Undergrad: 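One structure, pasted below without further comment.
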Amino acid sequence: MINIKEDKSLNILNHSCAHLMAQAIKRLYPEAKFWVGPVIDTGFYYDVDLGEKAIKEEDLPNVEREMKKISKDGKRIIREEVSKKEALEMFKDDEYKIDLINNMEEDSDITCYRQGEFVDLCRGPHVDTVKQIKNFKLLKVSGAYFKGDSKNKVMQRIYGVCFETPEDLTTYLDFLEEAKKRDHKKLGKELGLFMMSEYGPGFPFFLNNGMILRNELENFWYDEHTKEGYEFIKTPIMLNKDLWELSGHWYNYRENMYTSEIDEKTFAIKPMNCPGGMLVYKNSLHSYKDLPLRVGELGLVHRHEASGALNGLFRVRTFTQDDAHIFMMPSQIEQEVVRLIDFIDRMYSVFGLTYNIELSTRPEAKFIGNIEIWDKAEKVLADACHKAGRDCKINPGDGAFYGPKLDFHIKDSLGRVWQCGTIQLDMNLPERFDLTYVDSDGIKKRPVMLHRVIYGSIERFIGILIEHYAGAFPTWLAPVQVNVIPVNCNYHLEYASEVYNYLKENGIRTELDEREEKLGYKLRESVTKKIPISIIIGDKEKEEDLVSYRRYGSDKTYSVSKTMFVELLKNEIKDKRSKSKDSE
RNA sequence: GCCGAAAUAGCUCAACUGGUAGAGCAACUGACUUGUAAUCAGUAGGUUGUGGGUUCAAGUCCUAUUUUCGGCACCA
């Protein structure tokens, strides 16, 4: 996927296109007033105030037509420098531009760009003439708060995108189409993975196929974590309010927490697993010899997210974090983080996901602890990142109030980026819960704690995988791995059943299609359901004691013995391979 | 929560300015006995998200509400 903001010439072109759009809107809606029209990763937008009127989705073609007209006219785009006073005079009827100008420094050079009758306050640069702005598309309209503050009024935001060639535009629009086809909400329904209900907005129901996928992910997670020396716990969903006061959540996260009253006591459903994890740590005495102590929990949390934030499996109100808390001596942080980065790398590579790491540092205002410790902690994370052979981009001020963190941004098969894994240093909870370990000198000392997730949330990760694989999961994850299709049920059902039972006995998730339909019909359904392997059983297979199979997405057929087929498949599943090895 | 759009059969969708809901797929029944992406025929399936209202008449208009979608804000 392209990033328009980071491509210099595309950036300029898109910004000029935003001006062109504004000019067209001004022609069609003379009362329109404009706020800002920046370039974003996926194109540009412009925030517009149309007073009582509104531009609707169906009006966009009209605006596009006007834009084409202006583009054809081919006016030059002229840069003008004005003083602040002149600028205020020029835009005296436009409270938005006045707001912008007033926020500029007294002696700064203010530039405007003029094209025909339209002039806009802008830093530039722009393309030379509007003629160069040809291959664009307006994509959507939405509301957006003035200055991004939910206390302010809502303006209309109109999104578009522009390219240098018509081919590039088509490619991008095709990409959007492809992304739409992969929508996990659509595929989740079609493939019987999960459902939603009006009775539980934001609370997904997992169906049988979704559960198989989910269990595979969880099993994989447990296996890998066991190898990494983790131990596992399960802490309660609901705990007394007093605990949340102690952890600080009651004050910092109260409005997103579900609560329940019973026996005149308040209980809160956990929005995070850490406080429960703290109690487990405190349950026993810890020696420095036992550190780092790695404690994992697939923890079900509930968070009351704003209704408008909900989005399929990507944003839900209940989800399972693949959480773990690691308790260490301060001297162990770097080594442990390096180890974690390697671990996360191994987990992601199984799915064919690449990623970038970002370091989020101390927030400007709201943070606990002293700055020295923060600086040190940030340095440890950055060093660990480099030691692990990875670059990390700094994300200033984006850390949690209790510590800095490394965020893993994964890239899917369409090049889209998702935030999943995170490693967070916590300088708060060990203090609040008075955690200790006994050091070699017999003195109780404060451990350092790390929170970390790899999938992030299993629900969200499943959503990402659905879109990443377009619903065609690799064999190890596929709800149904093999579909056995007899060519003619009267003659081939017996041998087909034999093959089916043999696969079942070998732990392969298999279906037998014994309906009396034509092969083409049953095969089509196999493909529609995105089953990785379809086995066809007819006279030839029956006589020679073979299975013939083809894979999803290919029309090549291979014939092998039953035993060879099972061997091949078992290895493929064991290795969690995405690509098949059929050629031999 | 805010702005905008939408909700019709299990699924995907249709029904012009209000005139009393229809198709394909799926399901079921029967015929066909099938070799690599849809065999044919028939049957059944709906208080049009929910509650009010306007009207002789509402899927269609008004209103409230729920949910979903696209954004915004949020996501320590």
Side-chain angles (χ1 to χ4, degrees), chain A residues 40 42 45 47 50 54-59 139-159 176 180 183 185-186 189-190 192 195-202 247-249 251-256 271-272 274 303-312 314-317 319 360 363 365-368 398-403 405 419 422 424 426 428 451 456-457 460 485-493 515-529 534-542 548-557:
Chain A
I40 53 175
T42 54
Y45 68 76
D47 283 348
L50 288 163
I55 294 181
K56 297 192 169 167
E57 206 108 357
E58 68 236 38
D59 300 323
L139 296 168
K140 57 198 170 197
V141 286
S142 82
Y145 295 113
F146 177 56
K147 293 188 180 178
D149 189 333
S150 58
K151 289 194 272 300
N152 290 343
K153 71 183 231 177
V154 175
M155 302 190 77
Q156 273 207 291
R157 179 169 294 180
I158 301 164
Y159 291 87
L176 290 182
K180 221 181 194 172
D183 185 313
K185 291 167 291 236
K186 179 173 164 281
K189 186 187 267 189
E190 286 169 10
M195 59 170 260
M196 293 291 184
S197 160
E198 243 183 294
Y199 292 103
S247 70
H249 288 91
Y251 305 103
N252 283 306
Y253 208 68
R254 173 77 189 91
E255 49 200 55
N256 283 357
M272 286 166 215
C274 5
R303 299 179 183 181
H304 185 76
E305 303 290 356
S307 57
L310 303 179
N311 178 10
F314 287 161
R315 196 74 182 275
V316 289
R317 285 178 172 155
F319 56 97
S360 294
K366 202 178 158 193
F367 66 93
I368 57 123
D398 217 34
F401 74 90
Y402 51 74
K405 55 181 182 160
Q419 215 242 278
T422 159
Q424 309 188 349
D426 192 329
N428 180 39
H451 306 252
S457 122
R460 199 168 117 87
I485 307 173
V487 173
N488 183 327
C489 284
N490 287 336
Y491 308 118
H492 311 126
L493 189 56
R515 292 174 304 172
E516 294 184 349
E517 296 285 352
K518 285 170 81 171
L519 174 58
Y521 178 85
K522 295 197 271 194
L523 196 57
R524 179 174 195 277
E525 203 166 282
S526 219
V527 174
T528 313
K529 285 155 87 179
S534 299
I535 287 184
I536 289 115
I537 300 292
D539 285 337
K540 185 188 134 205
E541 289 74 20
K542 189 176 160 187
S548 294
Y549 68 92
R550 52 178 278 175
R551 290 181 181 271
Y552 176 84
S554 155
D555 52 8
K556 261 192 216 134
T557 305

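If you're wondering where the values come from, they're calculated on a predicted model, not measured in any experiment. In what follows, chains carry the letters A, B, and so on, assigned in the order in which the sequence lines appear, proteins first and then strands, with residues in each chain numbered from 1. FYI, side chains are in, hydrogens and waters are out, and symmetry mates aren't considered; it's all heavy atoms of this structure.
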Undergrad: In terms of side-chain heavy atoms of A/A144, which of B/rG71, B/rC72, B/rU34 is nearest?
TA: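 Comparing B/rG71, B/rC72, B/rU34 against the side chain of A/A144, the answer is B/rC72.
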Undergrad: Is it true that the NZ or CZ of A/K140 lies under 6.0 Å from the centre of A/Y159's six-membered ring and within 45 degrees of the ring axis?
TA: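 Output yes; distance and angle both within limits.
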Undergrad: Taking only the P atom of each, what is the distance from B/rU36 to B/rU68 in whole angstrom?
TA: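 My reading of the P atoms in B/rU36 and B/rU68 gives 45 Å.
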Undergrad: Spell out yes or no: do the side chain of A/R303 and the base of B/rC74 have one donor N/O and one acceptor N/O closer than 3.5 Å?
TA: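 Side chain to base: no pair present.
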Undergrad: Quick one: label A/G308 by what it contacts on the DNA or RNA (base, sugar-phosphate, nothing), any heavy atom closer than 4.0 Å.
TA: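 Touches a base.
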Undergrad: Looking at A/Y199, I'd like to know whether one of its side-chain N or O atoms comes within less than 4.0 Å of OP1 or OP2 on B/rU50.
TA: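 So the side-chain polar atoms of A/Y199 never come under 4.0 Å of the phosphate oxygens OP1 or OP2 of B/rU50.
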Undergrad: Take atom C1' in B/rA58 and the same atom in B/rC2, then report the distance between them in whole Å.
TA: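 B/rA58 and B/rC2 have their C1' atoms separated by 31 Å.
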Undergrad: If you compare all heavy atoms of A/R157 against all heavy atoms of A/D47, which two are closest, and at what distance to 0.1 Å?
TA: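 For A/R157 versus A/D47, the nearest heavy atoms are NE-OD1, 2.7 Å.
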Undergrad: First locate atom OG of A/S457, then atom CZ of A/R315, and finally report the distance between them rounded to the nearest 0.5 Å.
TA: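 Atom-to-atom, A/S457:OG and A/R315:CZ are 11.0 Å apart.
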Undergrad: With rounding to the closest Å, how many angstrom separate the C1' atoms on B/rU65 and B/rG19?
TA: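 The same atom, C1', in both gives a distance of 29 Å.
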Undergrad: If you compare every side-chain N and O of A/K185 against the phosphate oxygens of B/rG70 (OP1, OP2), does one of them come in below 4.0 Å?
TA: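 Yes, A/K185 has a side-chain N/O under 4.0 Å of OP1/OP2 on B/rG70.
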Undergrad: Could you check whether A/V487 gets within reach of a base, just the sugar-phosphate, or nothing at all, counting any heavy atom under 4.0 Å?
TA: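 Answer is base: heavy atoms of A/V487 come under 4.0 Å of a base.
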Undergrad: Go through A/R317 and A/H304 one step at a time and tell me if the side chain to side chain contact (heavy atoms under 4.5 Å, CB included) criterion holds.
TA: CA-CA 6 Å; A/R317 285 178 172 155; A/H304 185 76; 3.7 Å; yes
Undergrad: Can you tell me how far CG of A/L493 sits from NZ of A/K542, rounded to the nearest 0.5 angstrom?
TA: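 Answer for the NZ-CG pair, A/K542 versus A/L493, is 10.0 Å.
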Undergrad: Among B/rU36, B/rU33, B/rG70, which nucleotide sits nearest the side chain of A/N488?
TA: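 Of the candidates, B/rU33 comes closest.
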Undergrad: Does A/S526 use its side chain to pair, donor to acceptor, with the backbone of A/K522 at less than 3.5 Å?
TA: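 Looks like no, no N/O pair under 3.5 Å.
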Undergrad: Could you please name the option among B/rA37, B/rC74, B/rU33 that lies closest to any side-chain atom of A/R550?
TA: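 Selected nucleotide: B/rA37.
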Undergrad: Could you tell me whether A/K189 contacts a base, only the sugar-phosphate backbone, or nothing, with contacts defined as non-hydrogen atoms closer than 4.0 Å?
TA: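 The answer is sugar-phosphate, as A/K189 gets under 4.0 Å only of primed atoms, P, OP1 or OP2.
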Undergrad: Considering only the P atoms, how many Å lie between B/rU33 and B/rC40, rounded to the nearest integer?
TA: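 After rounding to an integer number of Å, I get 15 Å for this pair.
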Undergrad: When the nearest nucleotide of RNA chain B is assigned to A/E525 and to A/Y253 on a heavy-atom basis, which residue is associated with the more 5' position?
TA: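 Between the two, 5'-proximity favours A/E525.
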Undergrad: Taking the P atom of each, how far is B/rA23 from B/rG42, in whole Å?
TA: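 Each nucleotide's P atom is 12 Å from the other's.
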Undergrad: Answer with base, sugar-phosphate or nothing: what part of the nucleic acid does A/Y145 contact at a heavy-atom distance below 4.0 Å?
TA: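 It contacts base atoms.
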Undergrad: To the closest 0.5 Å, what do you measure between CG (A/L139) and CD1 (A/I158)?
TA: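 Here the interatomic distance stands at 11.5 Å.
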Undergrad: Check if the side chain of A/Y159 and the base of B/rG70 share a donor-acceptor pair of N or O atoms closer than 3.5 Å.
TA: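 In this structure, the two groups form no donor-acceptor pair.
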Undergrad: Taking only the side-chain heavy atoms of A/K140 (C-beta and beyond), determine which of B/rU33, B/rG71, B/rG1 contains the nearest atom.
TA: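 That would be B/rG71.
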Undergrad: So what does A/K540 hit on the nucleic acid, given a heavy-atom distance under 4.0 Å: a base, only sugar-phosphate, or nothing?
TA: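 Base, at least one base heavy atom under 4.0 Å.
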Undergrad: What nucleic acid atoms does A/A400 come within less than 4.0 Å of, heavy atoms only: base, sugar-phosphate, or nothing?
TA: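 Sugar-phosphate, backbone atoms only, no base.
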Undergrad: Calculate the interatomic distance between A/R254 atom CZ and B/rC75 atom C1'; express it in whole Å.
TA: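 After rounding, the gap between these two atoms is 18 Å.
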Undergrad: Start at the 5' end of RNA chain B and walk down; is the nucleotide closest to A/L310 or to A/M155 reached first?
TA: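 The answer here is A/M155.
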Undergrad: Determine the Euclidean distance between corresponding P atoms of B/rA15 and B/rG59; express it in Å to zero decimal places.
TA: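 The answer is 15 Å between these two P atoms.
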Undergrad: If you measure from the C1' atom in B/rA41 to the same atom in B/rC32, how many Å do you get, rounded?
TA: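 Going atom to atom, C1' in each nucleotide, I get 11 Å.
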Undergrad: Side-chain donor or acceptor of A/E541 under 3.5 Å from a matching atom on the base of B/rG35?
TA: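 Answer is yes: a donor-acceptor pair is held.
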Undergrad: Using a heavy-atom cut-off of 4.0 Å across all strands, would you classify A/D555 as base, sugar-phosphate, or nothing?
TA: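 No contact at all - A/D555 keeps every heavy atom at 4.0 Å or more from the nucleic acid.
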Undergrad: Need one value for A/G148: base, sugar-phosphate or nothing, where a base atom within 4.0 Å counts as base even if backbone is also close, heavy atoms only.
TA: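 Since only primed, P, OP1 and OP2 atoms lie under 4.0 Å of A/G148, the category is sugar-phosphate.
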Undergrad: Base, sugar-phosphate, or nothing for A/D149, non-hydrogen atoms under 4.0 angstrom?
TA: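 It contacts nothing in the nucleic acid.
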Undergrad: Side chain of A/L523 only, heavy atoms from C-beta on: which candidate in B/rU36, B/rC2, B/rU33 is closest?
TA: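 Of all the options, the side chain of A/L523 is nearest to B/rU36.
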Undergrad: Between B/rG30 atom C1' and A/E516 atom CD, what is the distance in whole Å?
TA: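 It is 12 Å, rounded to the nearest whole Å.
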Undergrad: With C1' as the reference atom in both, quote the distance from B/rA21 to B/rC62 in angstrom, rounded to an integer.
TA: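 That atom pair is separated by 22 Å.
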